[in-house]
Amino acid sequence: MNTSAKRERDVGLDLVRVAATVMVVCGHYSFALGRRKVEGFTNFGAFYANGEWPLAAVSMFLALSGAVLWRRYQGCKDWRTFFKKRWLTLFPIFYIAWLAVYFFKVCQTGRLFWGGNPTKLLLTLVGMDNYFAYRVAGYGLVGEWFFGAIVFLYLLFPLLQWLFGRWPAATMAAALGAYGVLLFWYPLQIDPQRNLVTCVTLFLCGFCLERWPLARKPLWAVPALAMLAVLAKMPLGLPRPLGDTLTGLCLLAALRALGPLVERCAPVRRLTVWLSGYTFPVILVHHQIAVALAANIPAPFYLWRGSLFLALTLAASLGFGVALKVCSDRLVHTVGGLWAKHQGKEEKIWKTY
């Protein structure tokens, strides 16, 4: 595989990943409080003047995914290995998390197929159960809708890389044009935030961050922070999902600009890199944890109690995420080792996924 774009680790990207994960956990905890209809303050990072913080975090994740893939796989030719590695990164850990919650749900309901027709499990098998939940309600339990969006983007990456590599400005202009049209004329049933035009546009924004060094200059932090302050506090009446898109990109630019500062402080750098390694499993498990803890806050609701249970949600999500990652890594390496032994050779793909 051609990985000519290999570079030193960008801690700014790790910082973006960690911040986006915290935003998603806080937002879903807040939404769980809202569904419980508690009286008192429940906006622990749920809403801002022009949208929802978790959706802004998703915008950050999608652009971040584009940046990381362009950084690692620019000029890639070995697509078979690419897709193997992407599958090993996403699906074993997804299946383990899903099975754990699924069997808990079976015990809770007393029904093996509590989500209806078992053929709906095919959507779970390919990671699309939450992405298509607006059409087919079934067995979506972990991963949120953007797990399915990431799967789509990985599948589209070879085409997008080829187009952007040859005609970067034209490809970006076409994506922005389609995005702009859908802001004012939206005939689709799927939510505007999760349609593929929005997702691809954000993904390509990540390409831009890596292709053009000017887009990574720390000087972008100042206008990004200024725009972020306006978006956070001043209702602008923006069409969906423009507010969340702009907010996510502003946060990404500002946080990435802090990368060199984090790099200079070894303890903070080590902590950021370590946390970054567990963000995906945290995303997989946090929603169930947030709902369970939010449902058990004793009444009456006080701000300090809500804050304490939010801290517990973050800590428990990290703990379960670490355990999930360890289990998944061991499973993949064990199965890979048995397969390599059976084949009489050692495949590096199982070691480096």
Side-chain angles (χ1 to χ4, degrees), residues 16-17 20-21 23-28 30-32 34-35 45-48 50-69 86 90-91 94 98 115 120 122-157 159-160 174-207 231 238-249 251-252 279-280 283-284 286-287 290:
V16 171
R17 189 178 288 111
T21 301
M23 289 166 63
V24 170
V25 177
C26 290
H28 287 156
S30 301
F31 296 149
R35 283 191 293 272
F47 302 101
Y48 64 100
N50 289 282
E52 301 176 9
W53 288 116
L55 292 180
V58 171
S59 297
M60 294 166 67
F61 273 126
L62 295 176
L64 176 68
S65 296
V68 170
L69 286 193
R86 293 307 95 205
L90 291 180
F91 280 96
F94 169 76
W98 183 88
K120 295 177 181 178
L122 293 174
L123 285 174
T124 299
L125 186 65
V126 295
M128 294 294 171
D129 43 15
N130 279 313
Y131 188 81
F132 288 117
Y134 72 99
R135 293 292 300 271
V136 183
Y139 295 89
L141 293 171
V142 299
E144 312 304 324
W145 64 263
F146 53 86
F147 182 88
I150 289 294
V151 172
F152 273 131
L153 292 173
Y154 283 179
L155 291 173
L156 290 171
F157 178 69
L159 173 62
L160 295 174
L176 289 172
Y179 178 90
V181 168
L182 291 180
L183 289 177
F184 302 100
W185 176 72
Y186 197 79
L188 306 177
Q189 185 179 350
I190 191 170
D191 185 271
Q193 181 72 30
R194 63 179 75 179
N195 77 66
L196 278 180
V197 171
T198 301
C199 296
V200 166
T201 302
L202 285 162
F203 196 60
L204 290 174
C205 286
F207 287 14
L231 290 165
L238 300 174
R240 294 190 63 229
L242 184 57
D244 295 318
T245 297
L246 293 175
T247 301
L249 292 176
L251 271 168
L252 189 153
T279 51
F280 179 49
I283 289 294
L284 289 176
H286 80 280
H287 208 150

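Only heavy atoms go into these numbers, but all of them, side chains included; no hydrogens, no water, no symmetry mates.
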As an exercise, state the distance from [atom1] of [X] to [atom2] of [Y], rounded to the nearest 0.5 Å.
{"X": "Glu144", "Y": "Ile150", "atom1": "CD", "atom2": "CD1", "value": "12.5 Å"}
{"X": "Leu251", "Y": "Leu246", "atom1": "CG", "atom2": "CG", "value": "11.5 Å"}
{"X": "Arg17", "Y": "Leu64", "atom1": "CZ", "atom2": "CG", "value": "4.5 Å"}
{"X": "Leu242", "Y": "Gln193", "atom1": "CG", "atom2": "CD", "value": "10.5 Å"}
{"X": "Thr21", "Y": "Met60", "atom1": "OG1", "atom2": "CE", "value": "9.0 Å"}
{"X": "Trp145", "Y": "Leu55", "atom1": "CH2", "atom2": "CG", "value": "7.0 Å"}

(request) Using modelled atom types only, decide if a donor and an acceptor are shared between the side chain of Ser30 and the backbone of Cys26 within a distance under 3.5 Å. (result)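 Yes: the side chain of Ser30 pairs with the backbone of Cys26.
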
Do the non-hydrogen side-chain atoms of [X] and [Y] ever get within less than 4.5 Å of each other?
{"X": "Arg240", "Y": "Tyr186", "value": "no"}
{"X": "Pro187", "Y": "Leu182", "value": "yes"}
{"X": "Leu160", "Y": "Val200", "value": "yes"}
{"X": "Thr247", "Y": "Ser59", "value": "no"}
{"X": "Leu153", "Y": "Ser65", "value": "no"}
{"X": "Arg86", "Y": "Phe157", "value": "no"}

(request) Could you label the plane-to-plane angle of the Trp53 and Tyr48 rings as parallel, tilted or perpendicular, counting under 30° as parallel and over 60° as perpendicular? (result)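 Correct class here is tilted.
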
(message) Quick check on ring pair (Phe, Tyr, Trp, His ring centres under 6.0 Å): which of Tyr154, Phe94, Trp98, Phe152 does Phe147 satisfy it with?
(response)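 For Phe147, the ring pair (Phe, Tyr, Trp, His ring centres under 6.0 Å) test succeeds with only one of Tyr154, Phe94, Trp98, Phe152, which is Phe94.
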
Closest non-hydrogen atom pair, [X] against [Y]:
{"X": "Phe91", "Y": "Val151", "value": "CZ-CG2, 3.9 Å"}
{"X": "Met23", "Y": "Ala56", "value": "CE-CB, 4.3 Å"}
{"X": "Leu252", "Y": "Val16", "value": "O-CG2, 3.8 Å"}
{"X": "Val24", "Y": "Pro54", "value": "CG2-O, 4.2 Å"}

(request) Check whether the side chains of Tyr179 and Asn195 place a donor and an acceptor atom closer than 3.5 Å, and report yes or no. (result)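 There is no such pair (donor and acceptor under 3.5 Å, judged by atom type) between the side chains of Tyr179 and Asn195.
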
(message) Does Phe61 form a side chain to side chain contact (heavy atoms under 4.5 Å, CB included) with Leu202? I'd like the steps, not just the answer.
(response) CA-CA 9 Å; Phe61 273 126; Leu202 285 162; over 6 Å; no

(request) Take Val58 and Asp244 through the test side chain to side chain contact (heavy atoms under 4.5 Å, CB included) and record every step on the way to the result. (result) CA-CA 9 Å; Val58 171; Asp244 295 318; over 6 Å; no

(message) One pair to check against side chain to side chain contact (heavy atoms under 4.5 Å, CB included): Leu238 and Leu231. What are the steps and the verdict?
(response) CA-CA 10 Å; Leu238 300 174; Leu231 290 165; 3.9 Å; yes

(request) Any side-chain hydrogen bond (donor to acceptor under 3.5 Å, both in side chains) involving residues 125-142? Give me the pairs, sequence neighbours left out, ordered by first then second residue. (result)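 Those involving residues 125-142 are Thr124-Asp129.
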
